[in-house]
Amino acid sequence: MSLCLGISITVWWTFLFVFIIIPAVFGVSFGMRRFYMRTLLKIFEWAMLRMEMGAKEKNQELYKPYSNGIIAKEPPSSLQQEMQELRGSAGCLRSEPEFEMADIFYFCRRGVESIVDDEVTKCFSAQELESWNLLTRSNYNFRHISLRVTVLWGFGVLVRYGVLLPLRVTLAVTGISLLLVLTTLVGFLPNRELRSFLSEKVHLMCYRICVRALTAIITYHNRENKPQNGGICVANHTTPIDVIILANDGCYSLVGQAHGGLMGMIQRAMVKSSPHIWFERSEVKDRHLVAKRLGDHVADKTKQPILIFPEGTCINNTSVMMFKKGSFEIACTVYPVAIKYDPRFGDAFWNSSKFGMVNYLLRMMSSWAIVCSVWYLPPMNREEGEDAVQFANRVKAAIAAQGGLVDLIWDGGLKRTKVKDAFKEEQQKLYSQVLVGEQDQEDQSGDRQLEEENPEGDRNNQDSSKGQ
């Protein structure tokens, strides 16, 4: 018995070193993960066909949601236009602007629309799929439609939890252990250039092992636009593994709050060999201190580019929400990066209010795979007369367009905080313009028209007034 166990362990570790760890060290791939992805797609297509046939036999209809979870809307019209339409339908149009009872229906309708189709809430729930991916976390009832699909689903559970999960946990533990040990050893080297060179190699090797621990299949586009030293890389944020996805293709200096426990051990080991920026809890809210440390980092062209996620929270990979302006106030080149995950193989979105970090990582490691595309966009700089907010919105729009994401103006912090009073005041100002602003605009336009028609009379009146 002990002999068989020893042989099994030897074969297991030999397989890991030959086919996973050694290729990760040299940055090569045998193409097994892409072959695995193509096989999964064929299985999903067959399962969907069987489910459709089973649904027809039972006179049921499969539910097919919207691909991005957001209902397409007509282009929004202005508040004034919609208010005029409501007043016209109610038969209460008047020449002078004033409050009408019909105005209430506009705000009631907008409130109901926000409840039924809330753009913000949808960004913090799992993305819906067009077809089932044989995971009960996507849809629990599809496995009962057909006996063959049920058998296939059961076999998939055995493969994911009996083979893939132990393999992935072993790789994750190996990658994290190597990161802790090797970065600590490299940190003791006195030569700065040698320390930086070995640190980059160690980080790349460990990140590549962690990528294989997730069976991540990543396609990088436009590598000629990769972030350079002395700049800031900004990307949309879906999951904590965004860091591993990007660092698999190049090293970055990370920015974040200092933690305790295992995360704190990793942070302290990493900072010994590489110039990462960790803030204490009391320092995070000090914007001037944060800006100074970031500015000092990018001023040194020998240091790696800083990786920042300006949304400040994880979004479900259908949208891009408001970018915080802090990282755009620093005078340096910004390198935008768009990340788009394929939800057919596993939902990468981390719903932090529903799952803890350990639970989330176990869900990722028990999924089929993590498949995503990364686009490096051309570098961008602040234009003359452009403030930090406008620059952030321009970068955000470029990322959303490249990644096929919805560009939203809302702050991602709304999932934890109440709506700011500024948003309410903006709607109040728009409505006040309907009641008061239109009359003022008419008076001003009338005065300008009189001045244009009789400029000489105006000058005579001014001369007479001066003489008086």
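Model, not experiment: these values are computed from the prediction. Note that the numbering runs from 1 along the sequence shown for the chain.
Under the 30°/60° scheme for interplanar angles, the aromatic rings of Trp375 and His221 are found to lie parallel.
Between Leu171 and Arg212 the shortest heavy-atom distance is CD1-O, 3.8 Å. Heavy-atom minimum distance, Asn236 versus Asn317: ND2-ND2, 4.2 Å. Heavy-atom minimum distance, Ile232 versus Ser327: CD1-O, 3.8 Å. Across all non-hydrogen atoms, the minimal contact from Met365 to Arg168 is O-NH1, 2.5 Å. Here the closest non-hydrogen pair linking Ile217 and Met37 is CD1-CB, 3.5 Å.
In Lys301, the NZ atom is crowded: over 12 heavy atoms of neighbouring residues, nucleotides or ligands sit closer than 6.0 Å.
The shortest side-chain heavy-atom distance between Leu294 and Val298 does not fall under the 4.5 Å cut-off. The shortest distance between side-chain heavy atoms of Thr313 and Met321 does not fall below 4.5 Å.
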Verdict with reasoning, Glu311 to Phe323, per side chain to side chain contact (heavy atoms under 4.5 Å, CB included): CA-CA 5 Å; Glu311 288 170 299; Phe323 280 6; 3.5 Å; yes
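In this structure, Arg363 forms a cation-pi arrangement with Phe355, its terminal cationic atom sitting closer than 6.0 Å to the ring centre and no more than 45° off the ring axis.
Remark: Ser273 OG to Glu200 CD distance equals 11.0 Å, nearest 0.5 Å. In this structure, the separation between CD1 on Ile370 and OG1 on Thr239 is 7.5 Å, given to the nearest 0.5 Å. Atom-to-atom distance recorded for Cys372:SG and Ile241:CD1 is 7.5 Å, nearest 0.5 angstrom. Distance check: Trp368 CH2 to Phe44 CZ gives 6.0 Å after rounding to the nearest 0.5 Å. A distance of 13.0 Å separates CZ in Arg268 from CE in Met270, rounded to the nearest 0.5 Å.
A salt bridge links Asp300 to Arg192: at least one charged side-chain nitrogen sits closer than 4.0 Å to a carboxylate oxygen.
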